[in-house]
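A, B, ... follow the sequence lines: proteins, then strands. Residue 1 opens every chain.
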Amino acid sequence: MPELPEVETIRRTIGPLVVGRTVVAVDVRRRDLRRKVAPSFEASLLGRVIVSADRRAKYLLLRLDDGLAWIVHLGMSGRLLRLAAGAANDGARHEHVVVTLDDGASVVFRDPRRFGLMEIADPLGTPLLAGIGPEPLDRARFTGEYLAGLRSRTRRSIKDVLMDQHVVAGLGNIYVNEILFLSRIRPTRRMARLSRAECETIVLATREIIEEAIEHRGTSVSDFLDAIGRPGSYQWRRRVYDREGEPCSACGHPIRARTIAQRSSFFCGRCQH
DNA sequence: GTAAACCTGGCA
DNA sequence: TGCCAGGTTTAC
């Protein structure tokens with residue numbers, strides 16, 4: 001489900017509802033997520049005050065009053081939702097972790113596929129966040145010069161490179177497809193064969209797409225909902241993702257689909273070179 | 001590099 | 001029944 005804009009949307013919706021609250025109960029119903037939830041998880045979270053809600057790449061960081069953070073990755077199908085005190089939640093499945101706060105509300109981690117993960121750790125020390133590339137909206141670090149510097153000795157496609165979290169943080173399949181369409185560059189193009197100007201174009205397109213997607217509170221192509229159950233609206237602005245056969249918004253040529261870097265990819269064969 | 005793995009649900 | 005899905009990791 002979630003790439004950077006969706007995680008950012010979760011952060012913005014859940015932050016004001018949990019910051020300042022104390023954790024009064026922690027219920028881990030299933031530990032076997034993508035990585036096993038540590039035995040110390042409950043004790044590390046219980047009694048702590050949530051002091052801020054931050055995001056790094058696709059990770060949500062709920063910082064605690066002891067300097068550690070409750071770090072959550074939503075994987076493909078994960079959701080973090082806030083249930084008000086006494087809210088009916090009958091028959092809900094796949095709710096693997098429930099954290100109750102001192103106002104009676106709870107934060108629920110629901111993840112049918114269990115590709116998500118969570119831990120309590122120092123964000124500066126955890127291997128989870130080590131080596132992640134610059135945030136795409138960081139104008140100082142994610143630049144055309146930076147991208148151009150990655151061109152030498154790699155045979156990787158630009159799509160593969162942009163989805164690599166070590167290169168740039170938080171981009172996934174939907175937004176990389178959109179970014180390359182806006183850049184007019186085919187997802188199959190070899191990184192090494194991009195011009196410096198094309199690297200600049202990609203950086204600008206990334207910023208534009210990601211800012212626009214955050215403004216629209218993410219993409220709900222099947223089931224993404226924010227922490228209070230609202231869908232995003234970026235799916236109505238998509239130009240290529242999951243639009244195989246539909247006319248290109250720029251030239252009318254049908255959008256093509258093929259697998260690139262192990263993921264379904266969509267592009268206009270006329271506009272993108 | 002690419003393929004398969006993790007796991008469940010939805011849809012043709 | 002089979003294929004696909006917003007992600008990441010591991011193994012040829």
**Complete:** Checking B:dG1, C:dT8, B:dA3 against the side chain of A:Arg156 (C-beta onward), the nearest is B:dG1
**Prompt:** Taking the same atom, P, in C:dA11 and in B:dC7, what whole-Å distance lies between them?
**Reply:** 16 Å
**Fill in**
Note: A:Arg21 and A:Asp102 closest approach over all heavy atoms is NE-OD1, 2.6 Å
**Request:** Tell me what A:Tyr175 touches on the nucleic acid: a base, only sugar-phosphate, or nothing, going by heavy atoms under 4.0 Å.
**Result:** nothing
**Message:** In the structure I gave you, are the side-chain heavy atoms of A:Arg237 and A:Glu178 within less than 4.5 Å of one another anywhere?
**Reply:** no
**Message:** Measuring to OP1 and OP2 of C:dT8, would you say a side-chain N or O of A:His73 lies under 4.0 angstrom away?
**Reply:** yes
**Asked** Backbone N or O of A:Phe181 within a donor-acceptor pair of the A:Arg239 side chain at under 3.5 Å?
**Response** no
**Request:** Could you state the atom-to-atom distance from CD of A:Glu3 to P of C:dA5 in whole Å?
**Result:** 13 Å
**Prompt:** Could you give the CG-to-C1' distance, from A:Leu117 to B:dC6, as a whole number of Å?
**Reply:** 12 Å
**Item:** Nearest non-hydrogen partners of A:Val51 and A:Val19, listed with the distance
**Value:** O-CG1, 3.4 Å
**Request:** Between A:Tyr59 and A:Val221, just flag the one whose closest nucleotide in DNA chain C comes earlier from the 5' side.
**Result:** A:Val221
**Request:** Would you kindly say whether A:Thr219 and A:Tyr175 are connected by a side-chain donor-acceptor distance under 3.5 Å?
**Result:** yes
**Request:** Starting at atom CG of A:Leu33, determine the distance to atom P of B:dC6, rounded to an integer number of angstrom.
**Result:** 16 Å
Let me have the donor-acceptor pairs involving side chains of residues 127-140 of chain A, under 3.5 Å, with sequence neighbours excluded, atom names and distances please.
{"unit_1": "A:Glu135", "atom_1": "OE1", "unit_2": "A:Arg55", "atom_2": "NH1", "d": "2.9"}
{"unit_1": "A:Glu135", "atom_1": "OE1", "unit_2": "A:Arg55", "atom_2": "NH2", "d": "3.0"}
{"unit_1": "A:Glu135", "atom_1": "OE2", "unit_2": "A:Arg56", "atom_2": "NH1", "d": "2.9"}
{"unit_1": "A:Glu135", "atom_1": "OE2", "unit_2": "A:Ala57", "atom_2": "N", "d": "2.7"}
{"unit_1": "A:Asp138", "atom_1": "OD1", "unit_2": "A:Ala140", "atom_2": "N", "d": "3.0"}
{"unit_1": "A:Asp138", "atom_1": "OD1", "unit_2": "A:Arg141", "atom_2": "N", "d": "3.1"}

**Request:** Go through the side-chain N and O atoms of A:Arg30 and A:His96 and say whether any donor and acceptor fall under 3.5 Å apart.
**Result:** no
**Message:** Rounded at 0.5 Å granularity, tell me how far NE2 in A:His273 sits from CZ in A:Arg186.
**Reply:** 7.0 Å
**Item:** side chain to side chain contact (heavy atoms under 4.5 Å, CB included), paired with A:Tyr234, selected from A:Ile209, A:Val221, A:Ile214
**Value:** A:Ile209
**Message:** For a quick check under 3.5 Å, do A:Glu119 and A:Thr126 share a side-chain donor-acceptor pair by atom type?
**Reply:** yes
**Prompt:** Using a cut-off of less than 4.0 Å, is there contact between a side-chain N or O of A:Gln165 and OP1 or OP2 of C:dT8?
**Reply:** yes
**Message:** Taking any heavy-atom pair under 4.0 Å as a contact, classify A:Arg263: base, sugar-phosphate, or nothing.
**Reply:** base
**Fill in**
Taken to the nearest whole Å, CG/A:Asp164 to C1'/C:dT8 is 11 Å
**Separation of atom CZ in A:Arg258 from atom C1' in C:dC4, rounded to whole Å** = 18 Å
**Atom-pair distance (CG on A:Asp111; P on C:dG7), nearest Å** = 13 Å
**Prompt:** Could you run down nucleotides 7-12 of chain B 5' to 3' and tag each one B, S or - for protein heavy-atom contact under 4.0 Å?
**Reply:** BBS---
**Asked** Whole Å only: how far is the CD1 atom of A:Ile132 from the P atom of C:dG7?
**Response** 14 Å
**Prompt:** Is any side-chain nitrogen or oxygen of A:Ser264 closer than 4.0 Å to OP1 or OP2 of C:dA5?
**Reply:** yes
**Prompt:** Could you give the CZ-to-C1' distance, from A:Arg34 to B:dA5, as a whole number of Å?
**Reply:** 12 Å
**Fill in**
Each base of DNA chain C marked ( ) or [ ] if paired in-strand (Watson-Crick or G-U under 3.5 Å), | if paired to another strand and . if unpaired gives |||||.||||||
